[in-house]
Enquirer: 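Below is one structure. I have some questions about it.
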Amino acid sequence: MKTRSAAFGKAGSSKGSDELELPTGKLDPDLDVNLARLKSELVASPDLIVRKFTLRTGQALHVAAIYLESLADKAMVNDIVMRSLMSPFLPEIPEGAATPEDAFRYICDNALAVAQIEIIDNWTSLLLELLTGKIILLVDGWDQCICGNTIGGDKREVSEASTQVVIRGPKDSFSESIATNITLVRRRIKSPKFGFDSIKIGSVTQTTVAMLYIDGIAKEEIKQEVRARLEKINTDAILESGYIEEFIEDNWSSPFPTVFNTERPDVIAANLLEGRIAILVDGTPFALVVPTVLSQFFAAAEDYYQRYDIGTFLRLLRYMAFIISLFGPAFYIALTTFHQEMIPTTLLINLSGAREGVPFPALLEAFIMEMSFEILREAGIRMPRAVGQAVSIVGALVLGEAAVQAGIVSPIMVIVVAITAIANFSIPAYNLAITARLLRFLFMIAAGFLGFYGIMLGLIMMVAHMNSLRSFGVSFLSPLVPLKYKQMKDVFVRLPHWSILQRPDDTAEATVRMSPGQKPKT
């Protein structure tokens, strides 16, 4: 199958209120009528540029070039479009064929030096392309227009990822331009099987959303399901990929994310090669990946660029950090409240001495420290970058020391909360780290009332809930549930690349990655 970049669904298929939809109807042959309607449809648009000129034909034919200077590439408009049409070396149209239709066809075939053009005959498409940054050419006496690709405007250059930093590996990341993002993925997958479909979502914003896949690897039923869910989105605006995530996720009430997001093109390429679908949204550097399993949130891109033993160690460290982030304060509460017999005698004496002047029970003490740290973390994020980090670090040190000196909390509680916070920062996926922070409070409450029995009861409920989750038909705990031994080579450990012979059969239609016998000589 050939690479596709066709639009699926109708442009602007999301229906908002009728008055917010793009105007419909055919273009008028009269140039002045079209220009008058265009100016009336665009509300207060000083950046609208309308340039009229006359083609050198047997009879004077007027042409208007229309574009928005804030969205179009002005250098391309001036140097390629306008200079091509108004060049003195442009041959005249034969006098006997100087009709508006002939002039229109002549511009399309001979006079316009733009790589990509499109013929449009309705107002919906005209306004949509104009608001995208393309140039529109109207010929007086003809009821069609020419749309040339001159998309430009100010945009952020490709830079290093800010949320998923690696020591070894590619340093580029997605930007807010969907065309640039697709290019970054294409550079890594030079295959004719790589394709993408696009759709406009949002009756007001008309945001471009692209669905990327590799034909022959991704399962057809998953592709169809992703298309169907995107086409069903009914809203007036899509401003970030998080909007799309909430519309297409399987279980909106679960604290666990069932849609993976990343701003790294190499991570997107790796997931596409495993049969998954990537969703890019214009205006945001964060791309979505579906279907999603739990092990994806513990795998960092750097795991595959380092040696397999180093990658395995780091991945096991992240699993341990997740467990500490979930159960650290809860274990302390259970031990000090219900199960003191499990603590060594010397340590128990020290703990009792440290808690002697603390007026609150361990549960309330932990809540005070956890909430204080969460407030400090949020303040550090929202404050200006120059002072945010200093405020969060200094605030934690000062408040922790002052709380201990005042006898509000014990020193051991400060240590437990600090270790838990550091472990939470070790989780590669930010959305899973937030899940751990939320569930931590539930486990603290369970430990405060029932001790280790409450923790085990909460753990059983959490695992049962995770087992019930699905992401586009794929089990969230796959390949653990159902258990698939051959796919366990890249879950808790990262075995050498030559040993991973197959793709996950939950997402990939073609599961064979390479033939056996690729093991290097020893």
Side-chain angles (χ1 to χ4, degrees), residues 161 163-169 245 249 251 254-264 266-276 278 286-328 419-440 443 459 462-463 465-467 469-472 474-497 499-500 503-504 506-507:
T163 59
Q164 297 171 322
V165 182
V166 297
I167 304 300
R168 178 179 178 179
E245 180 177 351
E249 62 185 349
N251 192 339
S254 173
F256 287 92
T258 55
V259 178
F260 184 74
N261 70 81
T262 179
E263 59 174 336
R264 297 184 58 87
D266 56 329
V267 175
I268 291 296
N271 280 278
L272 291 178
L273 290 170
E274 290 186 346
R276 294 185 172 88
F286 288 92
L288 306 179
V289 177
V290 292
T292 300
V293 296
L294 180 63
S295 59
Q296 286 181 257
F297 297 98
F298 294 97
E302 195 172 0
D303 294 350
Y304 303 93
Y305 307 142
Q306 303 279 7
R307 284 179 50 85
Y308 72 93
D309 49 357
I310 299 176
T312 298
F313 170 73
L314 295 177
R315 187 170 298 179
L316 292 175
L317 199 64
R318 296 188 199 107
Y319 278 101
M320 185 183 302
F322 181 73
I323 295 174
I324 295 175
S325 178
L326 270 179
F327 303 110
I419 293 176
T420 304
I422 295 173
N424 189 264
F425 286 128
S426 302
I427 303 174
Y430 180 71
N431 47 1
L432 186 65
I434 296 178
T435 299
R437 289 159 58 185
L438 294 176
L439 294 178
R440 183 191 310 154
F443 282 108
L459 179 60
M462 185 186 73
V463 173
H465 171 71
M466 294 168 63
N467 188 35
L469 293 179
R470 296 291 183 272
S471 178
F472 289 82
V474 177
S475 173
F476 186 63
L477 294 180
S478 179
L480 294 174
V481 180
L483 185 61
K484 301 176 182 179
Y485 292 102
K486 293 184 178 179
Q487 298 180 23
M488 296 292 291
K489 299 179 179 180
D490 193 24
V491 180
F492 297 106
V493 298
R494 203 281 283 176
L495 295 185
H497 291 292
S499 67
I500 305 176
R503 302 182 181 93
D506 292 324
T507 57

Enquirer: What pair of heavy atoms forms the shortest contact from R318 to A300, and how long is it?
Expert: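 That closest heavy-atom pairing would be NH2-CB, 3.5 Å.
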
Enquirer: Any non-hydrogen side-chain atom of N251 less than 4.5 Å from a side-chain atom of H465?
Expert: yes

Enquirer: For N424 and S325, work out which heavy atoms get closest and say how close.
Expert: ND2-OG, 2.9 Å

Enquirer: Can you sort out the partners of F425 under ring pair (Phe, Tyr, Trp, His ring centres under 6.0 Å), two or more places apart, ordered by chain and number?
Expert: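 For F425, no residue satisfies ring pair (Phe, Tyr, Trp, His ring centres under 6.0 Å) once neighbours in sequence are set aside.
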
Enquirer: Which heavy-atom pair separates N271 from V267 by the least distance, and what is that distance?
Expert: ND2-O, 2.7 Å

Enquirer: For residues I419 and I324, determine if any side-chain heavy atom of one lies less than 4.5 Å from a side-chain heavy atom of the other.
Expert: yes

Enquirer: For T507 and R276, indicate whether the former's side chain and the latter's backbone hold a donor-acceptor pair under 3.5 Å.
Expert: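 Looks like no, no N/O pair under 3.5 Å.
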
Enquirer: Suppose we screen for side chain to side chain donor-acceptor pair (under 3.5 Å). Which residues come up paired with R307, at least two apart in sequence or across chains?
Expert: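 D309.
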
Enquirer: Counting N and O atoms only, with roles assigned by atom type, does the side chain of Q164 sit under 3.5 Å from a partner on the main chain of P428, one being a donor and the other an acceptor?
Expert: no

Enquirer: Starting at CG of N431, measure out to CG of N261 and round the result to the nearest 0.5 Å.
Expert: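 Spacing of CG (N431) from CG (N261) equals 5.0 Å.
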
Enquirer: Quick one: list whatever passes ring pair (Phe, Tyr, Trp, His ring centres under 6.0 Å) with Y304, sequence neighbours left out.
Expert: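 Partners of Y304 by the ring pair (Phe, Tyr, Trp, His ring centres under 6.0 Å) criterion come out as none, since no residue qualifies.
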
Enquirer: Check each of V289, L288, V293 against F260 using the side chain to side chain contact (heavy atoms under 4.5 Å, CB included) test, and report the only one that passes.
Expert: V289

Enquirer: Heavy atoms, side chains only, cut-off 4.5 Å: are V166 and R264 in contact?
Expert: yes

Enquirer: Can you sort out the partners of L272 under side-chain contact (heavy atoms from CB on, under 4.5 Å), two or more places apart, ordered by chain and number?
Expert: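 L272 satisfies side-chain contact (heavy atoms from CB on, under 4.5 Å) with V185, I189, F194, L212, I214, I268, A278 only.
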
Enquirer: Quick one: does S295's side chain have a donor or acceptor within less than 3.5 Å of a partner on V491's backbone?
Expert: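 No; zero donor-acceptor contacts below 3.5 Å.
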
Enquirer: How about L432 and Q296: do any of their side-chain heavy atoms sit closer than 4.5 Å?
Expert: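 Not in contact.
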
Enquirer: Does any non-hydrogen side-chain atom of F297 lie less than 4.5 Å from one of P257?
Expert: yes

Enquirer: Quick one: ring pair (Phe, Tyr, Trp, His ring centres under 6.0 Å) partners of F472, sequence neighbours excluded?
Expert: none

Enquirer: Let me confirm one number: the CD-CD distance from E274 to Q487, rounded to the nearest 0.5 Å.
Expert: 9.5 Å

Enquirer: So which heavy atom on G328 is nearest to which on T420, and how close?
Expert: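 The pair with the smallest heavy-atom distance is CA-OG1, 4.1 Å.
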
Enquirer: Check the orientation of Y319 and F492. Use parallel for under 30°, tilted for 30 to 60°, and perpendicular for over 60°.
Expert: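 Tilted.
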
Enquirer: With side chains defined as the heavy atoms from C-beta onward, is the minimum distance between S426 and L317 less than 4.5 Å?
Expert: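 Contact flag for S426/L317 side chains = no.
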
Enquirer: Please tell me if the side chains of M488 and P479 come closer than 4.5 Å, counting only heavy atoms from C-beta onward.
Expert: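 Side-chain contact under 4.5 Å: yes.
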
Enquirer: For V481, does its backbone N or O pair with a side-chain atom of S475 as donor and acceptor, under 3.5 Å?
Expert: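 Answer holds: yes.
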
Enquirer: Between D303 and R315 (salt bridge meaning N to carboxylate O under 4.0 Å), is one present in this structure?
Expert: yes

Enquirer: In chain order, what residues pass the side-chain contact (heavy atoms from CB on, under 4.5 Å) check against L439, with sequence neighbours excluded?
Expert: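 L439 satisfies side-chain contact (heavy atoms from CB on, under 4.5 Å) with P255, F256, L326, T435, L442, F443, M462 once adjacent residues are dropped.
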
Enquirer: Is the backbone of L273 close enough, under 3.5 Å, to the side chain of R503 for a donor and an acceptor to pair up by distance?
Expert: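 Side chain of R503 to backbone of L273, a donor-acceptor pair under 3.5 Å: yes, one is there.
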
